[in-house]
**Student:** 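What follows is a single structure, and I will ask about it in a moment.
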Amino acid sequence: MASAIDLNNASLSKLPIAAPKYDRGGVRVGIAHIGAGHFHRAHQAAYLNLLLQQGLAREWGICGVGVLPADWTMRDVLTDQDGLYTLILENPDGSRDAEVIGSIVDYRYAPDDPESALEVLAAPTTRIISLTITEGGYRDPDGPAFTLITQALARRRDRGVPAPTIVSCDNIENNGEVARRTVLASAERMDPGLAAWVAEHIRFPNSMVDRITPATTLEMAAEVRRDFGVNDRWPVVAEPFTAWVLEDDFADGRPPLERAGVLMVDDVRPYELMKLRLLNAGHQCLAYFAHLCGYEFVHQAAQDPLFAKYLLTYFDAEAIPTLPPVPGVDLHQYGRTLIERFANPAVRDTVARLCAYSSDRIPKWLVPVIRDNLANDGPVQLASAAVASWARYAEGVDEWGEPYEVLDQLADSLIPIARSYRENPCAFVEISAVFADLSHQPRFVEAYRWALDSLHGKGTRATLEALVQ
């Protein structure tokens, strides 16, 4: 086979796979995106690329903005590759579709050059600031992302630059409102007058984003070189399914996103709750049981009939009854489709990815299902068992006595608390920073203790079998 072609602007016409046909030199930055990691590049950037391929949205190119030291890899790759990267869609039948995405036309790395990052966020041509900073990124108004945004907004106000729209694309209920509260808190600390300007002028539409996207690995880059003849140091692999539902509330215009398949709505909440309580919470229901059973990949667990039955029972009996009707969606069919998506072997999503940073995820995705069912006398056995499976996982030792790393911002406190269950079976759910007052709810505590006792006494599979009977 001929040597792979390096990916950059100069090689676009020579690539053996689909690539941008538009003149990237004529695309202007209109969107600054903080956190241009694998999900953003598989999702929002792909939608903008589709518009550009149609000859639309030339003033809506993306400038990626890195705010964390770990973003240096993305900085180096996107700089060397002129912002280009390969998106590989892994179809369930084993076939693969490859396309080079060109909508990211600039990149700024704030740890090295904060002034450059600030100026792109403050530029009058930047009319949208979007975010994928993970669920935990909204916890601290003084974190790097929100400090940078607030400083840029102050420059815009002082220069008379129109207010932008800030679009959160993270998996949080009411993500636009959460972003608004965090920006306002950050602005208030800097200048109460700035907070008033933000409250009056900036728009924060809620959004729902959906595409299963595993983290990029060196192996993926090697496969792109081998299978497609493209030397891409940081490609993205994703499932073919994608969805984006976005409230049509913008301060200074927007791209014609509906032309790329985005559903523009007045109220995103029904779609958002569906995604969070079925897909995201379903991932959490699956993850810890799967890890405890020794599964490495999500599809291995989802193809296990016992796991599939547990998930479908959770969807039908506990999650869907807490959801409002979703226009145009059969929720029970959506749940079955999720099992098929989870079971796609080509995506190779890892159980470890789903288990990471659980203290940011469980309270936002799974605990609300439990609370709604407690309030409405609904069943809580399956979701409570998922919480127990996290507590068992957080002990950091599997059923065969082998240790593993628990990746979580609260790991230093979670692990010893999880291991203290013999002295206090409810110690884990008494962590108020994660569960608030859930440990004071008798029905939850009964279901949680039963599951935790069963996991220790009978093991994971026996516990799941009892749950689905």
Side-chain angles (χ1 to χ4, degrees), residues 134-136 138-139 168 170-178 181-182 206 208 267-289 310-326 331-332 334-335 338 354-355 357-394 408-410 414 417-418 424-452 467:
T134 76
E135 297 73 37
Y138 297 80
R139 185 186 294 128
S168 169
D170 283 296
N171 292 314
I172 302 172
E173 188 172 338
N174 295 317
N175 54 12
E177 179 58 30
V178 172
R181 288 199 303 266
T182 312
N206 291 304
M208 183 277 274
D267 181 11
V268 81
R269 182 173 169 80
Y271 302 91
E272 178 183 70
L273 287 176
M274 172 187 75
K275 160 80 181 331
L276 296 175
R277 298 190 178 191
L278 296 178
L279 187 149
N280 295 113
H283 266 158
Q284 303 311 114
C285 286
L286 179 83
Y288 315 103
F289 285 121
Y310 167 66
L311 280 179
L312 284 173
T313 307
Y314 160 75
F315 293 154
D316 291 344
E318 296 189 12
I320 290 174
T322 72
L323 297 174
V326 182
L331 290 170
H332 294 280
Y334 178 77
L338 285 179
L354 304 189
C355 290
Y357 304 109
S358 305
S359 62
D360 291 326
R361 296 173 169 183
I362 291 278
K364 295 178 176 70
W365 301 342
L366 193 61
V367 168
V369 176
I370 296 171
R371 290 195 181 281
D372 277 8
N373 279 320
L374 289 173
N376 295 290
D377 202 29
V380 297
Q381 195 78 26
L382 299 168
S384 302
V387 174
S389 72
W390 176 34
R392 173 65 186 85
Y393 163 85
D408 196 285
Q409 295 189 53
L410 303 181
L414 288 177
I417 292 172
N424 178 4
C426 289
F428 194 78
V429 293
E430 289 172 355
I431 303 173
S432 59
V434 177
F435 295 104
D437 64 347
L438 202 57
S439 64
H440 300 153
Q441 303 293 326
R443 282 210 299 132
F444 165 74
V445 170
E446 180 183 4
Y448 169 82
R449 289 193 60 175
W450 174 88
L452 190 61
L467 284 167

**Student:** Stepwise, does the side chain to side chain contact (heavy atoms under 4.5 Å, CB included) test hold for H283 with R361?
**Tutor:** CA-CA 10 Å; H283 266 158; R361 296 173 169 183; over 6 Å; no
**Student:** Could you check whether any side-chain N or O of E318 sits under 3.5 Å from a backbone N or O of L382, counting only pairs where one atom can act as donor and the other as acceptor?
**Tutor:** yes
**Student:** If I take atom CG from residue L452 and atom CH2 from residue W450, how far apart are they, to the nearest 0.5 angstrom?
**Tutor:** 11.0 Å
**Student:** Please confirm whether the backbone N or O of S359 pairs with a side-chain atom of D408, one donor and one acceptor, at under 3.5 Å?
**Tutor:** yes
**Student:** For the backbone of D170 and the side chain of N175, can you confirm whether one donor and one acceptor N or O come within less than 3.5 Å of each other?
**Tutor:** yes
**Student:** Please report the shortest heavy-atom distance between P425 and Y448, naming the atom on each side.
**Tutor:** O-CE2, 3.5 Å
**Student:** Nearest heavy-atom pair of R443 and P379: which atoms, and what distance?
**Tutor:** NH1-CA, 4.4 Å
**Student:** Using a 4.5 Å cut-off on heavy atoms from C-beta on, say whether the side chain of F315 contacts that of H332.
**Tutor:** no
**Student:** Within this structure, what is the CZ-CD1 distance for the pair R277 and I320, rounded to the nearest 0.5 Å?
**Tutor:** 12.5 Å
**Student:** Roughly how far, to the nearest 0.5 Å, is CD1 of I172 from OG1 of T182?
**Tutor:** 8.0 Å
**Student:** Between N376 and G378 (side chain of the first, backbone of the second, donor and acceptor by atom type, cut-off under 3.5 Å), is there such a pair?
**Tutor:** no
**Student:** What distance do E135 atom CD and N280 atom CG have between them, rounded to the nearest 0.5 Å?
**Tutor:** 7.5 Å
**Student:** Would you check if there is a donor-acceptor pair between the side chains of S358 and Y393 at a distance under 3.5 Å?
**Tutor:** no
**Student:** Could you check if a side-chain atom of Y334 sits within less than 4.5 angstrom of a side-chain atom of V326, using non-hydrogen atoms only?
**Tutor:** no
**Student:** Take L374 and F444, measure what side chain to side chain contact (heavy atoms under 4.5 Å, CB included) needs, and give me the verdict at the end.
**Tutor:** CA-CA 8 Å; L374 289 173; F444 165 74; 4.2 Å; yes
**Student:** Contact between V380 and Q441 at the side-chain level, heavy atoms closer than 4.5 Å - yes or no?
**Tutor:** no
**Student:** A quick test of your reading: do over 12 heavy atoms of other residues, nucleotides or ligands sit less than 6.0 Å from CD of E177?
**Tutor:** yes
**Student:** For a quick test of reading the model, state the closest non-hydrogen atom pair linking Y310 to A386 and the distance between them.
**Tutor:** OH-CB, 3.6 Å
**Student:** Using side chain to side chain contact (heavy atoms under 4.5 Å, CB included), reason through R181 and Y138 one step at a time and then give a plain yes or no.
**Tutor:** CA-CA 9 Å; R181 288 199 303 266; Y138 297 80; over 6 Å; no
**Student:** Please lay out, stage by stage, how L438 and V429 fare under the test side chain to side chain contact (heavy atoms under 4.5 Å, CB included).
**Tutor:** CA-CA 7 Å; L438 202 57; V429 293; 5.8 Å; no
**Student:** Just verifying a value: how many Å separate L278 CG and L338 CG, rounded to the nearest 0.5 Å?
**Tutor:** 6.5 Å
**Student:** Do K275 and N171 have side-chain N/O donor and acceptor atoms under 3.5 Å apart?
**Tutor:** yes
**Student:** Less than 4.5 Å apart, any side-chain heavy atom of F289 and any of L311?
**Tutor:** no
**Student:** Kindly give the heavy-atom pair with the smallest separation between A383 and I370, and that separation in Å.
**Tutor:** CB-CG1, 3.5 Å
**Student:** Any ion pair linking R371 and D437 (charged N to carboxylate O, less than 4.0 Å)?
**Tutor:** yes
**Student:** At their closest point, which heavy atom of S168 faces which heavy atom of G176, and how far apart are they?
**Tutor:** CB-N, 4.5 Å
**Student:** Taking all non-hydrogen atoms of both residues into account, name the closest pair between A447 and S384 and its distance.
**Tutor:** CB-CB, 3.6 Å
**Student:** Could you check whether any side-chain N or O of E272 sits under 3.5 Å from a backbone N or O of N174, counting only pairs where one atom can act as donor and the other as acceptor?
**Tutor:** yes
**Student:** Does F428 reach the side chain of L414, with side-chain heavy atoms less than 4.5 Å apart?
**Tutor:** yes
**Student:** Would you call the rings of W390 and F435 parallel, tilted or perpendicular, taking 30° and 60° as the class edges?
**Tutor:** tilted
**Student:** If the test is side-chain contact (heavy atoms from CB on, under 4.5 Å), which one of V178, N206, L276 qualifies with E173?
**Tutor:** L276
